[in-house]
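Read the structure below first, then the notes.
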Amino acid sequence: MIDEPCCFACGWFSERWKRTTAQASWQRANLERAHIAPSSLGGPDDASNLLLLCKPCHQESPDWADPAQMARWIATREERPSRELETLMAWFAAAEKAPGLRDALASVVAEEGASERVSELLRNLLGQAGTHFGVGFSQGTRVAVLQAAADEINSRGQQTGREAVESRSVDIHD
């Protein structure tokens, strides 16, 4: 739809582009102007020869004088989910590469307030992480954050376990 900006080739969009008017949404959209027939190959530099593409589509689009090649390429382009869904899927993929995360979360899931504590832990760890310009958190950074969270949860669990054993030891000797 005209009021929802997206890549003309794959349909990629971001919820963060949504504004009160269609014009404001399109102005916010992080899409690149691409020539159907490149100007370097004689294509005109006017609206009839332009379309908006996301960065990956723009980088992969054909640089060819015949506009039919661009149309064919677009027709065969696979759809991409939204930016937010791609980010969520990247975090799930990172979680699969963080050994011990599943067990660490399982060890605290039944505790009262666990989700808030884990959320706070993740926010704190993200605050210690750097980002790549134009990328955000790299996949390696996501894995590192999740592994550090697993290590911290396991460390707290071991400390709590030691304190419980020490408490029982004091009770037995009293």
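When atom types are taken as modelled, the side chain of Q147 and the backbone of P99 share a donor-acceptor pair closer than 3.5 angstrom. Side-chain N or O atoms of S25 include one that pairs as donor or acceptor with a backbone N or O of T21 at under 3.5 Å. At least one donor-acceptor pair under 3.5 Å links the side chain of R19 to the backbone N or O of R16.
Taking 4.0 Å as the cut-off between side-chain N and carboxylate O, R83 and E15 do not count as a salt-bridged pair.
Considering every non-hydrogen atom in both L121 and R156, the closest pair reads CD1-NH2, 4.3 Å. Residue A104 comes nearest to I153 through the heavy atom pair O-CG2, 3.4 Å, listed as atom of the first residue, atom of the second, then distance. Here the shortest heavy-atom pairing between C7 and C10 reads SG-N, 3.5 Å. Minimum heavy-atom separation, A94 to R142: CB-CB, 3.6 Å. Of all heavy-atom pairs between C57 and W73, the closest is O-CH2, 3.3 Å. Nearest approach of A149 to L122, heavy atoms of both residues: CB-CD2, 3.7 Å.
With rounding to the nearest 0.5 Å, the separation of CD in E60 from SG in C54 is 8.5 Å. Here the CZ atom belonging to R102 is positioned 12.5 Å from the CG atom belonging to L146, to the nearest 0.5 angstrom. Atoms CZ and SG, on R80 and C6 in that order, are 11.5 Å from each other to the nearest 0.5 Å. Atoms CD and OG, from E112 and S115 in turn, are 10.5 Å apart once rounded to the nearest 0.5 Å. Of the inter-residue distances, the one linking M70 atom CE with N49 atom CG reads 8.5 Å to the nearest 0.5 angstrom. Here the CD atom belonging to Q23 is positioned 4.5 Å from the CD atom belonging to Q27, to the nearest 0.5 angstrom.
Looking at heavy atoms from C-beta onward, L53 lies in side-chain contact with S61 at the 4.5 angstrom threshold.
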(request) Begin with the C-alpha distance, continue with both residues' side-chain angles, and end with the deciding distance and a verdict on side-chain hydrogen bond (donor to acceptor under 3.5 Å, both in side chains) for E86 and W12. (result) CA-CA 10 Å; E86 281 184 332; W12 183 78; 2.9 Å; yes

(message) One pair to check against side-chain contact (heavy atoms from CB on, under 4.5 Å): L105 and V118. What are the steps and the verdict?
(response) CA-CA 8 Å; L105 292 174; V118 170; 3.9 Å; yes

(message) Please evaluate residues I74 and L51 with respect to the criterion side-chain contact (heavy atoms from CB on, under 4.5 Å), reporting the C-alpha separation (whole Å), side-chain torsions for both, the decisive distance (0.1 Å), and the verdict.
(response) CA-CA 11 Å; I74 289 172; L51 59 124; 4.0 Å; yes

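Between the side chains of E84 and S14, a donor-acceptor pair is found at a separation under 3.5 Å. With hydrogens and angles left out, the side-chain atoms of W17 and E4 include no donor and acceptor closer than 3.5 Å. Between the side chains of Q128 and N124, no donor N or O sits under 3.5 Å from an acceptor N or O.
Heavy atoms from other residues, nucleotides or ligands lying under 6.0 Å from CH2 of W91 number more than 12.
There is no path of hydrophobic side-chain contacts, each under 4.5 Å, that joins L50 to F8. V143 and F137 fall into different hydrophobic clusters, where Ile, Leu, Val, Met, Phe, Trp and Tyr are joined by side-chain heavy atoms under 4.5 Å apart, directly or via other members.
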In a table with atom names and distances, give each donor-acceptor pair under 3.5 Å that connects a side chain of residues 31-42 to protein atoms at least two apart or in another chain.
from : atom 1 : to  : atom 2 : distance (Å)
E32  : OE1    : H58 : ND1    : 2.6
H35  : NE2    : D45 : OD1    : 2.8

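Evaluation of the salt bridge (Lys or Arg N to Asp or Glu O under 4.0 Å) rule for E111 yields R117 as partners, not counting sequence neighbours.
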